[in-house]
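These notes are about the structure you will find just below.
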Amino acid sequence: MLGSVLLAASRSDSIRRVVSAAPVTRPVVDRYIAGERLDQAVAAIRSLTDQGLEVTVDHLGEDVTDRAEALRARDAYLALAEALAEGGLGERAEMSVKLSAFGQALPGGDDIAYANVLPVVEAAAEAGTTVTLDMEDHTTVDSTLAILAKLRERFPATGAVLQSCLYRTEDDCRALAGEGSRVRLVKGAYKEPASVAHQDKHEVDRAYVRCLRILMSGKGYPMVASHDPRMVALAQELARRAGRKPGEYEFQMLYGIRGAEQRRLAAEGHRMRVYVPYGTDWYGYFMRRLAERPANLLFFLRSLTTRN
């Protein structure tokens, strides 16, 4: 119930203004966001890679409502690709993009989003890295997968994200488990209707396991995005059964969450990638993180009540 309220709040402009103006918000946000500027993000990336971790970088922004905003999102990612190239970070840092930031929801959105994201994927390749297309709510799945298919014609390493909460995802996993495909499996961070998605947490977890089995037994490259210790352990067991070695799959966790576990997995020889968001449009991302885990919300509320 509380999670649903927070997810609804993530799209409320009035609540955005209240939360953004609260004096204690910024220090809490800094736990999950690597900064508002590109140089701050690059510093965070370098700190993580120096610890043996890998990174995927998200310039925050979504639900773009005009073409000018979509072009600004494209340009921000082009600047990020240039910074990764100049810093020699391409081998350790990829980029994550939300197609709604590139104009997906505009009239003719598929064509607009593809035209805007293509130069970003090209720039990523030149920087020695790649791009993963984040998945948003269920209404965007078909569009996102169609754009993915077009991008993979020239850039087969372009990755996808699938959400185990959706009923359709097992079939999508089968379709994307082929040679060369990169799939990040998540549980899902959007409020979805019962007509398309599991509503019970245990059902989402069980679906995650089924999807993980499909990906591990396929010929693609699974990216296990979970902070759940049970899923981390299960992924290692499924990888072992499938004959996969460390480096033939990877774990992914969010910046600011379970840092010690991230370092432990990396020290054991696993590929461990940290999802690093940055930018000024942090509100929606921040509220979804609070909705996902009660511990995140308790951390925020504790900060509100113990400020000086």
Side-chain angles (χ1 to χ4, degrees), residues 10-11 16 20 26 29-30 32-49 54-90 92-106 109-136 140 143-144 147-148 151 155 157-161 184 189 252 254-256 273-289:
S10 73
R11 299 202 172 203
R16 176 194 297 262
S20 299
R26 185 74 253 168
V29 169
D30 287 344
Y32 305 108
I33 310 297
E36 295 191 347
R37 304 189 313 271
L38 177 56
D39 64 311
Q40 293 172 314
V42 170
I45 295 165
R46 194 170 296 283
S47 174
L48 291 165
T49 57
E54 299 187 39
V55 171
T56 185
V57 194
D58 173 20
H59 179 264
L60 293 167
E62 55 193 280
D63 297 331
V64 156
T65 56
D66 65 53
R67 286 176 179 258
E69 288 183 73
L71 291 175
R72 284 193 288 272
R74 178 203 65 189
D75 292 345
Y77 273 100
L78 292 176
L80 172 58
E82 182 178 1
L84 295 178
E86 290 178 351
L89 294 167
R92 304 295 298 278
E94 64 153 35
M95 298 189 291
S96 288
V97 305
K98 288 181 174 59
L99 290 178
S100 72
F102 287 75
Q104 187 180 38
L106 298 174
D110 282 15
D111 292 337
I112 294 170
Y114 176 76
N116 285 331
V117 79
L118 178 59
V120 173
V121 177
E122 292 171 334
E126 292 175 4
T129 188
T130 189
V131 168
T132 294
L133 305 184
D134 280 347
M135 194 62 75
E136 300 178 70
T140 69
S143 168
T144 299
I147 292 171
L148 171 74
L151 291 170
F155 302 96
T158 305
V161 177
R184 178 196 303 152
Q252 296 193 0
L254 298 173
Y255 181 78
R273 192 177 302 275
V274 184
Y275 189 98
V276 176
Y278 79 101
T280 58
D281 193 10
W282 50 262
Y283 173 76
Y285 176 89
F286 176 64
M287 294 300 284
R288 286 195 295 275
R289 298 294 77 77

A side-chain contact here means heavy atoms from C-beta on lying under 4.5 Å apart; do [X] and [Y] qualify?
X	Y	result
Tyr77	Val131	no
Leu78	Val120	yes
Pro277	Tyr255	yes
Tyr278	Glu36	no
Leu133	Val97	yes
Leu84	Met95	yes
Tyr114	Leu151	yes
Leu89	Val55	no

Looking at [atom1] of [X] and [atom2] of [Y], how far apart are the two atoms once the value is rounded to the nearest 0.5 Å?
X	Y	atom1	atom2	result
Leu148	Thr158	CG	OG1	6.5 Å
Leu80	Asp75	CG	CG	12.5 Å
His59	Asp281	NE2	CG	8.5 Å
Glu69	Asn116	CD	CG	12.0 Å
Arg67	Leu106	CZ	CG	7.0 Å

**Report entry** Pair Tyr275-Asp58, side-chain contact (heavy atoms from CB on, under 4.5 Å): steps then yes or no
**Finding:** CA-CA 7 Å; Tyr275 189 98; Asp58 173 20; 2.9 Å; yes
Please name the pair of heavy atoms, one in [X] and one in [Y], separated by the smallest distance, quoted to 0.1 Å.
X	Y	answer
Ala83	Leu38	CB-CD2, 4.1 Å
Glu122	Phe155	CG-CZ, 3.6 Å
Ala93	Ile45	CB-CG2, 4.1 Å
Ser96	Asp134	CB-OD1, 3.7 Å
Ala127	Ala81	CB-O, 3.7 Å
Ala113	Gly103	CB-C, 4.4 Å

**Report entry** Ionic contact status for Asp63 with Lys98, cut-off 4.0 Å
**Finding:**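 A salt bridge is absent here (no side-chain N lies under 4.0 Å from a carboxylate O).
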Query raised in the report: Can you name the side chain to side chain contact (heavy atoms under 4.5 Å, CB included) partners of Thr140, sequence neighbours left out?
Result: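 Thr140 satisfies side chain to side chain contact (heavy atoms under 4.5 Å, CB included) with Gln104, Met135, Glu136, Asp137, Thr144 once adjacent residues are dropped.
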Query raised in the report: Checking Arg184 side chain against Gln252 main chain: does a donor-acceptor pair fall under 3.5 Å?
Result: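 Between the backbone of Gln252 and the side chain of Arg184 there is no qualifying donor-acceptor contact (under 3.5 Å).
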Query - Distance-only polar pair, side chains of Glu94 and Thr56, donor-acceptor under 3.5 Å - result: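 Note: Glu94 and Thr56 side chains meet the donor-acceptor criterion.
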